[in-house]
Chemist: 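To start, I am sharing the structure in question, which I have written as structure tokens.
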Amino acid sequence: MDRPTIIAGNWKHNPDRNLGESLWREVAAGTMSRIPAGEHNPPVKVVIFPPTPWLGWLVSREGLECLGNGFPESAVLEIGMQEISDRPVGAYTGEVGAELAHQFGARWTLVGHSERRIHFGETDEDVARRLTAAVDHGLCPLLCIGETSEERDAGRTFEVVSHQLEVGLSRFDKKHEYAIAYEPVWAIGTGRTATVEQVEDVHQHLRELLQKKIGSASDGIPILYGGSVKPDNARDLLGLDVVDGALVGGASLKAASFLEILDAGIATA
Ligand code: PGA
């Protein structure tokens, strides 16, 4: 399997000015001490998705000092946007698009997170446009998909995630680099984690779908699990062959718990 394990931290609309700096210092130091920076194509990498003002700070001189010599060439630790605009640079007050984000150090962007879909009305079509905008400007999108509890109870999980995947990737060319995160909506921020069997089922289904869609190019596309990943369940989830990493929300706000999840990723890679 030639895809890395990705342990991603989604800080959401946190942390405040006091907490962010120490969180970053500890996560950066903990990552660098666990994964040798000189290694190219490391088997495990960390991606942090901070709120946009923090993204600017992480690549400031002060933020980079936490890493010693700046972001290592080997891409052990990368940062990304939680959301990008699908608009180009120009007169779009309030927007931040992929082009600027990339120039300021972002390598990734989340697209289609359920909190964007639910609270801000983002549709699959919006998601498809943002994916294209991301890759057009060199960002690697992490496409988030997942069913609600009503959809699961109605037996529609496969139908829903297949549709989100199909439409999300509809404007896409298979040569682009991207990753998928399966995040059942009912497991996000609720403390309810999907069982190992539920995760295995959906990931297996998504892997087959990608294989049908783009053939062997799909082998390089990581499929992460997200939804109440914690130190005490990380090893079981990451130990599944079909799980290539974790997208961690709440537990990424404490360096110790995030690093324990990273340890589980390293142990099972
Ligand atoms: P959670 O969030 O780990 O707090 O459930 C995951 C996510 O929203 O990506």
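In each ligand, atom 1 is the first atom listed, and ligand 1 is the first ligand listed. The model shown is predicted, which means the values in this text are computed figures rather than measured ones.
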Chemist: Contacts table for ligand 1: protein N or O within a distance under 3.5 Å of ligand N or O, distances only.
Modeler:
| residue | atom | partner | partner atom | Å |
| --- | --- | --- | --- | --- |
| ligand 1 | 2 (O) | Lys12 | NZ | 3.3 |
| ligand 1 | 3 (O) | Ser228 | N | 3.4 |
| ligand 1 | 3 (O) | Gly249 | N | 2.8 |
| ligand 1 | 4 (O) | Gly250 | N | 2.8 |
| ligand 1 | 5 (O) | Gly189 | N | 2.7 |
| ligand 1 | 5 (O) | Ser228 | N | 2.8 |
| ligand 1 | 8 (O) | Lys12 | NZ | 2.8 |
| ligand 1 | 8 (O) | His113 | NE2 | 2.7 |
| ligand 1 | 9 (O) | His113 | NE2 | 3.2 |
| ligand 1 | 9 (O) | Glu183 | OE1 | 3.3 |
| ligand 1 | 9 (O) | Glu183 | OE2 | 2.7 |

Chemist: Applying salt bridge (Lys or Arg N to Asp or Glu O under 4.0 Å), run through Lys45 and Glu78 and close with a yes or a no.
Modeler: CA-CA 8 Å; Lys45 66 160 75 182; Glu78 296 181 320; 3.2 Å; yes
Chemist: Find the distance between CG (Leu139) and CZ (Arg130) and round it off to the nearest 0.5 Å.
Modeler: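 Result: 13.0 Å between the selected atoms.
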Chemist: Drop me the distance from Ile145's CD1 to Ser162's OG, to the nearest 0.5 angstrom.
Modeler: 8.0 Å
Chemist: Is Glu83 salt-bridged to Arg116, going by a charged N under 4.0 Å from an acidic O?
Modeler: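 Here Glu83 pairs with Arg116 in a salt bridge, since their nearest N and O are under 4.0 Å apart.
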Chemist: Is Arg87 atom CZ crowded by more than 12 heavy atoms from other residues, nucleotides or ligands, each under 6.0 Å away?
Modeler: no
Chemist: For the atom pair CD1 (Ile223) and NE2 (His205), what is the distance rounded to the nearest 0.5 Å?
Modeler: 10.0 Å
